[in-house]
**Q** 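Below are the structure tokens for one structure; questions will follow.
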Amino acid sequence: MKNHSLKDKVALVSGSSMGIGKAIAMELVLRGAKVVLNGREEDRLGTAHEEFSKMGYEVKAFVADVRIPDQCAYLIQETIRSFGQLDILVNNAGISSRGSVEDMATSNFIMLMETNFNGSAYLSKYALDHLKKTRGNVVFINSAGGFRGMPYNSAYTASKLAQAALVDALRIEWYDYGIHVGIAHVGFTVNDPEKKILDVDGSWIYLPQRTNVNLASPQSVANSVCDMIIKRKKRITLTSLGVLANLIIRYLPILTEWIVWTNRKKIKEEFTLIGGEKVYEKTSSSLLPKEDRN
């Protein structure tokens, strides 16, 4: 029996052609919402769109790169053109990297901040006028890495900390509009086999499945996020490891610093330098909205 707790709501989920984003989109349609899918790769997004459509769900899909303000505006415009309103924005699109500050390509810092922070800020900005009308929800899919800066993961954690600061600001700025602003700190989760991260040299590699920690399922994350939207919770922290990390970092910062310092080699070896097959792909125009392609 379907749960129609979000019946007639319209949701836009960035980065929803695979992984957690796709799982969130699926949970939203199961609860009765109309959903706009988004991704940077046209083929992968098309496959996801076809999968949803075959199951009878009312979905649209638009290629857009959230790093580019005009494409974020385009994505919001197409959502309104398709469904006439916007009730829920899920800022899920994000990328990760690995490596020390010393060795990391400078392009990684740019790419991560533009995607994880700027992209969520742009989409939220362009969605605001429409969310005011529906007194809707905007949710940011963050990470346990958004609690503090971590060695050998500095660019990623810095971008997630910046996004968390944006959430704190928007929650106050948008309070009088009746808009719910929430953040989900997601712990280690089973990743899609095709998930890519930036290697230390700036190239893309496939992220191997972690075997050294307990992993949440994308479906359980999606369920928690949708419950958060319905209950209009300010924040949730997922996985027991994430909850523990949050408590220690927040209430015992000196102990946190000591734990990270004494485990710095383990962090480098087990949580950062985890290997990964190189991705070889041709440059594609699929990052552009169709009307912008030559």
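This is a predicted model, so every value here is computed, not measured.
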**Q** Quick one: are Ile172 and Val181 in side-chain contact, heavy atoms under 4.5 Å?
**A** no
**Q** List for me each residue that meets side-chain contact (heavy atoms from CB on, under 4.5 Å) alongside Ser224, sequence neighbours excluded, and say none if there are none.
**A** Ile236, Leu238
**Q** Could you walk me through whether Val139 and Ile183 pass side-chain contact (heavy atoms from CB on, under 4.5 Å), step by step?
**A** CA-CA 6 Å; Val139 172; Ile183 184 169; over 6 Å; no
**Q** Is the backbone of Met150 close enough, under 3.5 Å, to the side chain of Ser154 for a donor and an acceptor to pair up by distance?
**A** no
**Q** Taking only residues two or more places apart in sequence, or in another chain, which ones meet Arg135 in a side-chain contact (heavy atoms from CB on, under 4.5 Å)?
**A** none
**Q** Can you confirm whether Leu198 sits close enough to Ile95 that some side-chain heavy atom of one is under 4.5 Å from a side-chain heavy atom of the other?
**A** yes
**Q** Step by step, would you call Phe83 with Val36 a side-chain contact (heavy atoms from CB on, under 4.5 Å)?
**A** CA-CA 9 Å; Phe83 295 120; Val36 172; 3.7 Å; yes
**Q** More than 12 foreign heavy atoms under 6.0 Å from NZ of Lys132: is that the case here?
**A** yes
**Q** Assess, by modelled atom type and distance only, whether the side chains of Ser220 and Ser217 contain a donor and an acceptor separated by less than 3.5 Å.
**A** yes
**Q** Quick one, Ile76 and Leu123 - any side-chain contact, counting heavy atoms below 4.5 Å?
**A** yes
**Q** Please give me the minimum heavy-atom distance between Ala23 and Ala222, naming the atom from each residue.
**A** O-CB, 3.3 Å
**Q** Who pairs with Ser203 by side-chain contact (heavy atoms from CB on, under 4.5 Å), at least two apart in sequence or on another chain?
**A** Asp199, Asp201, Lys278
**Q** Would you mind listing every side chain to side chain donor-acceptor pair (under 3.5 Å) that reaches into residues 5-32, with sequence neighbours excluded?
**A** Asn3-Ser5, Lys22-Glu51, Glu27-Arg31, Arg31-Asn223, Arg31-Asp227
**Q** To the nearest 0.5 Å, what is the distance between CG (Leu12) and CG (Leu28)?
**A** 10.5 Å
**Q** Can you name the residues that form a side chain to side chain donor-acceptor pair (under 3.5 Å) with His180, not counting sequence neighbours?
**A** Asn137
**Q** State which residues pass side-chain contact (heavy atoms from CB on, under 4.5 Å) with Thr189; sequence neighbours excluded, sorted by chain then number.
**A** Ile20, Val186, Ala216, Pro218, Val221
**Q** Atom CD of Gln163 and atom OG of Ser124: how far apart are they, to the nearest 0.5 Å?
**A** 8.5 Å
**Q** Applying side chain to side chain donor-acceptor pair (under 3.5 Å), name anything that partners Asn38, two or more places apart in sequence or on another chain.
**A** none
**Q** Determine the minimum heavy-atom distance between Ala61 and Leu45, stating which atoms define it.
**A** CB-CG, 3.9 Å
**Q** Keeping to residues at least two apart or across chains, list the side chain to side chain donor-acceptor pair (under 3.5 Å) pairs with something in residues 164-179.
**A** none
**Q** Name all pairs fulfilling the ring-ring contact (aromatic ring centres under 6.0 Å, His included) condition that reach into residues 96-149, sequence neighbours left out, sorted by first residue then second.
**A** Phe147-His185
**Q** Roughly how far, to the nearest 0.5 Å, is the CG atom of Asn118 from the CG atom of Leu166?
**A** 10.0 Å
**Q** For a quick check under 3.5 Å, do Ser159 and Asn116 share a side-chain donor-acceptor pair by atom type?
**A** yes
**Q** When the side chains of residues 242-262 are checked against the rest of the protein, which donor-acceptor pairs come out under 3.5 Å, sequence neighbours left out?
**A**
unit_1: Thr256; atom_1: OG1; unit_2: Ile248; atom_2: O; d: 3.1
unit_1: Thr256; atom_1: OG1; unit_2: Ile249; atom_2: N; d: 3.4
unit_1: Thr256; atom_1: OG1; unit_2: Leu252; atom_2: O; d: 3.0
unit_1: Glu257; atom_1: OE1; unit_2: Arg148; atom_2: NH1; d: 3.2
unit_1: Thr262; atom_1: OG1; unit_2: Trp258; atom_2: O; d: 2.9
unit_1: Thr262; atom_1: OG1; unit_2: Ile259; atom_2: O; d: 3.2

**Q** Where do Ser143 and Lys160 come nearest, in terms of heavy atoms and distance?
**A** CB-CG, 4.3 Å
**Q** Going by the salt bridge (Lys or Arg N to Asp or Glu O under 4.0 Å) test, which pairs reach into residues 52-63, not counting sequence neighbours?
**A** Glu50-Lys54
**Q** In chain order, what residues pass the side chain to side chain donor-acceptor pair (under 3.5 Å) check against Gln85, with sequence neighbours excluded?
**A** Asp87
**Q** Let's go through Ile24 and Ile141 carefully: what are the C-alpha distance in whole Å and the side-chain angles of both, what is the deciding distance for side-chain contact (heavy atoms from CB on, under 4.5 Å) to 0.1 Å, and is it a yes or a no?
**A** CA-CA 10 Å; Ile24 292 172; Ile141 306 304; 3.9 Å; yes
